[in-house]
Amino acid sequence: MNRTSVLLTGLSAAALVLAGCSSSAEPAAQPPATSSTTSSAPAATTTQRPALDLSRFGALPAVPQPTTDTVSCAYPAETPAAKEVNPPPVDNVDVYGTVDVALSTSQGPIDITLDRTQAPCTVNSVVSLVQQGYFDGSPCHRLTTSPGLEVLQCGDPSGSGRGGPGYSFANEYPTTAYTSDPAQAENPVVYPRGTLAMANAGPDTNGSQFFLVYANSVLPPQYTVFGTISESGLATLDAIAAGGVTGGSEDGAPANPVILESATA
């Protein structure tokens, strides 16, 4: 996937404060593509930015309930792959049940639970990647600590922010909850602390990169939610976030490097 897979919020934290839920706000500047390009300029002043008023934004919608026990998924090829793997199966994909995944990282364990009902094709892909060892030894290349967007992004073995598994797939929940009113899918909502979601480079460009929300964050509902993070995992994320970003900025490589040593399901 020769494109940067990032949280394209369409709204910077500052724009969120000014524009509220408007979908016409100016796009945010692109974050660093790789940890090596993170600015080494001195850190900004220590004045704390005010917290974002999250009451101004809506909540994630209810999860649409399945109408069948299984679905078919599509994973069209994308090249090149950051690490060669086989694509996941496409037929008879379960839409019920959860999958527990243990992420062992260089900064501590992060246990996550994947929810098939929220995103069966996403969970199908992630489980396949876990079973093939795709994530093992890969860095979490991006930490964001700005008010209203506090996440750790992982899942690219290349560490560049551009890497993927050699295929892509479509958005699922919450985007699919707005099929009757697609315009509403442009209005930011709160992704609560403990949410596990896919990063992408635009609609239906999901690959292998995902982000872990360690504090309530505001995003358009264009990032597939596919699970939750355990309390012990959140404690690990809190410690990573406390270490800050390389160079003292709010967005870039974690100052304390995070390596996904292994992922097991």
Side-chain angles (χ1 to χ4, degrees), residues 5-11 16 21 23 54 57-67 71 73 75 88 93-101 103 110-130 135 140 142 144 148-156 164-165 168-182 184-231 233-234 237 263 265:
S5 185
V6 294
L7 304 183
L8 300 179
T9 67
L11 297 164
L16 283 170
C21 292
S23 61
L54 298 178
F57 304 95
L60 285 168
V63 179
Q65 291 305 296
T67 57
V71 295
C73 302
Y75 302 101
V93 175
D94 291 335
V95 299
Y96 290 105
T98 59
V99 181
D100 292 330
V101 176
L103 302 178
I110 303 175
D111 292 334
I112 56 178
T113 298
L114 316 186
D115 187 340
R116 297 184 189 278
T117 301
Q118 289 179 324
C121 294
T122 302
V123 172
N124 186 49
S125 173
V126 172
V127 169
S128 174
L129 294 174
V130 167
F135 298 113
C140 292
R142 183 184 183 196
T144 304
L149 185 59
E150 299 181 69
V151 305
L152 179 69
Q153 188 169 330
C154 313
D156 172 12
S168 62
F169 55 95
N171 287 13
E172 294 183 286
Y173 170 82
T175 308
T176 50
Y178 296 95
T179 52
S180 62
D181 190 2
Q184 290 298 316
E186 302 300 324
N187 292 332
V189 296
V190 176
Y191 279 56
R193 171 177 165 87
T195 299
L196 179 66
M198 294 298 295
N200 62 49
D204 304 330
T205 61
N206 302 283
S208 60
Q209 294 187 43
F210 59 91
F211 60 95
L212 304 117
V213 181
Y214 63 87
N216 292 349
S217 296
V218 177
L219 292 160
Q222 298 290 337
Y223 303 93
T224 296
V225 172
F226 66 102
T228 55
I229 307 162
S230 68
E231 287 299 322
L234 286 169
L237 289 168

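Just so you know, these numbers come straight off a predicted model, no measurement behind them. Sequence positions, counted from 1, serve as the residue numbers for this chain. Both backbone and side-chain heavy atoms feed into the values below; hydrogens, waters and symmetry mates do not.
- Atom OG1 in Thr205 sits 7.0 Å away from atom CG in Asn171 (nearest 0.5 Å).
- Considering all non-hydrogen atoms of both residues, Val130 and Ala263 come closest at CG1-O, 3.4 Å.
- Taking the side chain to side chain donor-acceptor pair (under 3.5 Å) definition, one finds that Ser125 meets it with Tyr167, sequence neighbours left out.
- Rounding to the nearest 0.5 Å gives a distance of 5.5 Å between CG of Asn200 and OH of Tyr223.
- In this structure, Asp204 and Ser168 have side chains that are not in contact, with every pair of non-hydrogen atoms separated by 4.5 Å or more.
- Across every non-hydrogen atom of Tyr214 and Val151, the tightest pair is CE2-N, 3.3 Å.
- Although no hydrogens or angles enter the test, the distance criterion places a donor-acceptor pair under 3.5 Å between the side chain of Asp115 and the main chain of Thr117.
- Using modelled atom types, no side-chain atom of Ser208 and backbone atom of Asp156 make a donor-acceptor pair closer than 3.5 Å.
- Here the shortest heavy-atom pairing between Ala265 and Val101 reads CB-CG2, 4.0 Å.
- Counting only distance, with no hydrogens or angles, the side chain of Gln118 and the backbone of Val63 share no donor-acceptor pair below 3.5 Å.
- When the ring-ring contact (aromatic ring centres under 6.0 Å, His included) test is applied to Phe135, the partners found at least two apart in sequence or on another chain are Phe210.
- Inter-residue side-chain proximity for Pro203 and Thr175 is flagged as unmet; no heavy-atom pair is nearer than 4.5 Å.
- Note that the CD atom of Glu186 and the CG atom of Asp181 stand 11.0 Å from one another [nearest 0.5 Å].
- Within the 4.5 Å cutoff, the side chain of Val189 has no heavy atoms near those of the Leu219 side chain.
- For the residue pair Val213 and Leu234, the shortest heavy atom distance occurs at O-CD2, 3.8 Å.
- Interatomic distance, Phe211 CZ to Glu150 CD, rounded to the nearest 0.5 Å: 13.0 Å.
- Between the side chain of Tyr191 and the backbone N or O of Ala197, no donor-acceptor pair lies under 3.5 Å.
- Note: Leu149 CG to Thr144 OG1 = 5.0 Å, rounded to the nearest 0.5 Å.
- At distances below 3.5 Å, not a single donor-acceptor pair connects side-chain atoms of Thr228 with backbone N or O atoms of Gly194.
- In this structure Thr122 satisfies the side chain to side chain donor-acceptor pair (under 3.5 Å) test together with Glu172, sequence neighbours excluded.
- In this structure a side-chain-to-backbone donor-acceptor pair under 3.5 Å is missing from Asp100 to Thr113.
- Every residue meeting the ring-ring contact (aromatic ring centres under 6.0 Å, His included) condition with Phe169, not counting sequence neighbours, appears here in chain and number order: Tyr75.
- Distance check, rounded to the nearest 0.5 Å: CG of Leu114 to OG1 of Thr98 gives 8.5 Å.
- Between Pro165 and Leu129, the shortest heavy-atom distance links the atoms CB-CD2, 4.0 Å.
- Residues satisfying the side-chain contact (heavy atoms from CB on, under 4.5 Å) test with Ala185, not counting sequence neighbours, are Tyr178, Pro221, Gln222.
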- Step by step, work out the side-chain contact (heavy atoms from CB on, under 4.5 Å) result for Ile112 and Leu212. CA-CA 9 Å; Ile112 56 178; Leu212 304 117; 4.1 Å; yes
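- By the side-chain contact (heavy atoms from CB on, under 4.5 Å) test, Asn216 pairs with Leu54, Val190, Pro192, Arg193, sequence neighbours left out.
- Counting all heavy atoms, side chain and backbone alike, Met198 lies closest to Gln209 at CE-O, 3.3 Å.
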